[in-house]
Amino acid sequence: MAGSTSNSREVAIVGGGIAGLAFALTLHERGIPCTVYERSAEIGALGVGINVLPHASAILERLGLSEALAGVAVLATDSAFFNRFGQLIYTEPLGQAAGYAAPQISIHRGDLQAVLLDAVAARIGQDRVVTDAACRGVAPDADGVMLHLVRESTGDALPPVRAAIAVACDGIHSVVRKQLHPDEGAPNYTGYNMWRGVTRHRPILNGATMIRAGWLKTGKMVIYPIRPADADGRQLVNWVAEIETPRPPSDRDWTRDGRLDDFLPAFADWHFDWLDVRALIRDAEVVLEFPMVDQDPLPWWTAGRVTLMGDAAHPMVPRGSNGAGQAILDADCLAGLLAAHDDWPAALKAFEDERLAATSRIVLTNRVAPPDVILKEIYERTGDAPFANIDDVISRDELVELQNAYKRIAGYDLETLRQRAVQG
């Protein structure tokens, strides 16, 4: 097994999802050896759609992935907000259309993972991604860390792996997080449930628009395309239905099948001039259910030669298109610090110092004031009724500031990114 012998400069990455594979590529870019240990026997195309915001997509561009991503993704051009009657509230450009150097990428989670995996295999070697290897615990000491692994498919123990450091990228059910924080409480349920699906559909609006409509009290939808049009002129369209629900109907499982009867009635009369929402949902190829939960920010991520990254470090409510992007930012940050420090435990602590507070702010903001807070404002100001003129309900300046406030917290407002570019 790759990495089974001691290596004073070897990084063990626990988890082969977006965080782990992005981290492997950013380490390779800096000449740092690593091995990824993934519990699944095969890394498959799980999940549905996600967005990668410009501050994170810039990292993917730098890694030379633009061409591969262009074949499977949609570059978002604009965001549009509507009430549940199909009335337009606000639009704004996204990505390069908004002046960013890098695009906002709308993509199937599995497609992004496949692009990352192909790049890791080509650049680092397929043997550096060890599948069917579930981490059951880590044992750090003064000189390195030992990973205790089992074969996920059989439960048989695998030879322990020793590395200089271990970085846990093992997601919302992180074994390493539980080891470091055994007394952490249960996930926080936000009070609303989510169903996600993908449907092959003709292009909606301009075919590159992120749509948010309605509000949680009566039903909210997020809709955007995640693959280019096929030979029949249809795109793969991702949609998310969210409804206020007093108690979570299911556990935290990204792959749990959803039932249309549980939420479709809330959207029965969503027939807009530009979209039949009920038909979009009904024609889905797959429907998954997930309670909208997160965890309170941790006080620390790092214990000596072990740290957390991505969803293992900061699981957040999936609002604001930030989960995958923050994992990619984590990866690039830590790889840079490891390249700059001879003392790797100090680099892990510096990573925590730089990223923990920033991601904690996003976790907490996603609970109360994500980008779709615009919809809440309109719902409350109109009493959930159609309006005659949006300018009589809310000013354009207020709408712009609601969006910009989130961008500043999430670190992708244009001014912040421009300053970083100047500073190098």
Side-chain angles (χ1 to χ4, degrees), residues 15-23 26 45-60 69 73 76 79 94-95 104-113 115-116 167-174 177 187-190 192-196 198 210 212 222 224 226 238-240 242 252-256 288-298 301 308-334 355-372 406-407 409-412:
I18 291 170
L21 295 173
F23 187 39
T26 56
L46 297 176
V48 283
I50 59 172
N51 268 265
V52 182
L53 298 173
H55 55 346
S57 71
I59 296 169
L60 301 181
L69 290 169
S79 177
L94 296 178
Q104 177 165 327
I105 300 171
S106 301
I107 189 170
H108 192 290
R109 177 182 291 272
D111 289 342
L112 175 56
Q113 192 169 7
V115 167
L116 295 171
V167 180
C169 304
D170 49 344
I172 58 174
H173 298 294
S174 173
R177 180 184 175 117
N188 300 296
Y189 179 55
T190 57
Y192 46 95
N193 202 56
M194 173 177 69
W195 292 264
R196 309 181 75 168
V198 292
M210 170 173 277
R212 296 180 176 96
V222 180
Y224 54 91
I226 55 175
N238 181 83
W239 54 261
V240 183
E242 302 170 36
R252 186 169 58 166
D253 179 359
W254 286 115
T255 63
R256 178 185 175 91
L288 303 176
E289 177 189 358
F290 188 76
M292 297 287 267
V293 297
D294 65 12
Q295 299 277 166
D296 289 333
L298 292 171
W301 298 343
L308 307 174
M309 177 180 289
D311 283 346
H314 42 74
M316 59 186 67
V317 176
R319 296 167 71 189
S321 305
N322 245 311
Q326 292 302 318
I328 294 166
L329 292 170
D330 284 351
D332 194 49
C333 175
L334 182 51
R355 294 292 296 154
L356 189 148
T359 55
S360 295
R361 285 193 297 271
I362 298 170
V363 169
L364 298 177
T365 301
N366 275 10
R367 293 177 180 178
V368 296
D372 56 15
Y406 184 82
K407 293 172 188 174
I409 290 170
Y412 71 99

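Only heavy atoms go into these numbers, but all of them, side chains included; no hydrogens, no water, no symmetry mates.
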Within the distance-only criterion (no hydrogens, no angle test), does the side chain of [X] pair as donor or acceptor with the backbone N or O of [Y] below 3.5 angstrom?
X: T190; Y: M292; answer: yes
X: R196; Y: G49; answer: yes
X: Q295; Y: A312; answer: no

**OP:** List in chain and number order the residues that pass ring-ring contact (aromatic ring centres under 6.0 Å, His included) with W239, two or more places apart in sequence or in another chain; answer none if no residue qualifies.
**Re:** F263

**OP:** Return the set of residues passing ring-ring contact (aromatic ring centres under 6.0 Å, His included) with Y224 (not counting sequence neighbours), or none when no residue passes.
**Re:** none

Under the side-chain hydrogen bond (donor to acceptor under 3.5 Å, both in side chains) test, residues paired with [X] that sit two or more places apart:
X: Q326; answer: N322, R355
X: T359; answer: none
X: R212; answer: S79
X: R177; answer: E184

Subject >> Mutual orientation of the aromatic rings belonging to Y406 and Y412 [parallel < 30°, tilted 30-60°, perpendicular > 60°] >> reply: perpendicular

Under 4.5 Å between any side-chain heavy atoms of [X] and [Y], yes or no?
X: L21; Y: V115; answer: no
X: P297; Y: L364; answer: yes
X: N51; Y: L94; answer: no
X: I226; Y: D111; answer: no
X: V293; Y: N188; answer: no

Original post:
In chain order, what residues pass the salt bridge (charged side-chain N to carboxylate O under 4.0 Å, His left out) check against R361, with sequence neighbours excluded?
Top reply: none

**OP:** Using the test salt bridge (charged side-chain N to carboxylate O under 4.0 Å, His left out), find all partners of D170 that sit at least two apart in sequence or belong to another chain.
**Re:** none

What distance do [X] atom [atom1] and [Y] atom [atom2] have between them, rounded to the nearest 0.5 Å?
X: I328; Y: I59; atom1: CD1; atom2: CD1; result: 7.0 Å
X: L116; Y: L60; atom1: CG; atom2: CG; result: 6.5 Å
X: I172; Y: F290; atom1: CD1; atom2: CZ; result: 4.0 Å
X: D294; Y: H314; atom1: CG; atom2: NE2; result: 12.5 Å

Return the set of residues passing side chain to side chain contact (heavy atoms under 4.5 Å, CB included) with [X] (not counting sequence neighbours), or none when no residue passes.
X: A73; answer: I105, I107
X: A324; answer: I18, I50
X: L356; answer: W301, E352, S360

Subject >> Criterion side-chain contact (heavy atoms from CB on, under 4.5 Å) on N366 and I362, from CA distance to verdict >> reply: CA-CA 6 Å; N366 275 10; I362 298 170; 4.1 Å; yes

Subject >> Test log, rule side-chain contact (heavy atoms from CB on, under 4.5 Å), inputs V222 and R319 >> reply: CA-CA 10 Å; V222 180; R319 296 167 71 189; over 6 Å; no

So which atom in [X] and which in [Y] form the shortest heavy-atom distance, rounded to 0.1 Å?
X: M309; Y: C169; answer: SD-SG, 3.8 Å
X: A331; Y: A22; answer: CB-C, 3.9 Å
X: P318; Y: M194; answer: CG-CE, 3.7 Å

Subject >> Test side-chain contact (heavy atoms from CB on, under 4.5 Å) applied to V167 and D330, L334, L308, the passing residue >> reply: L334

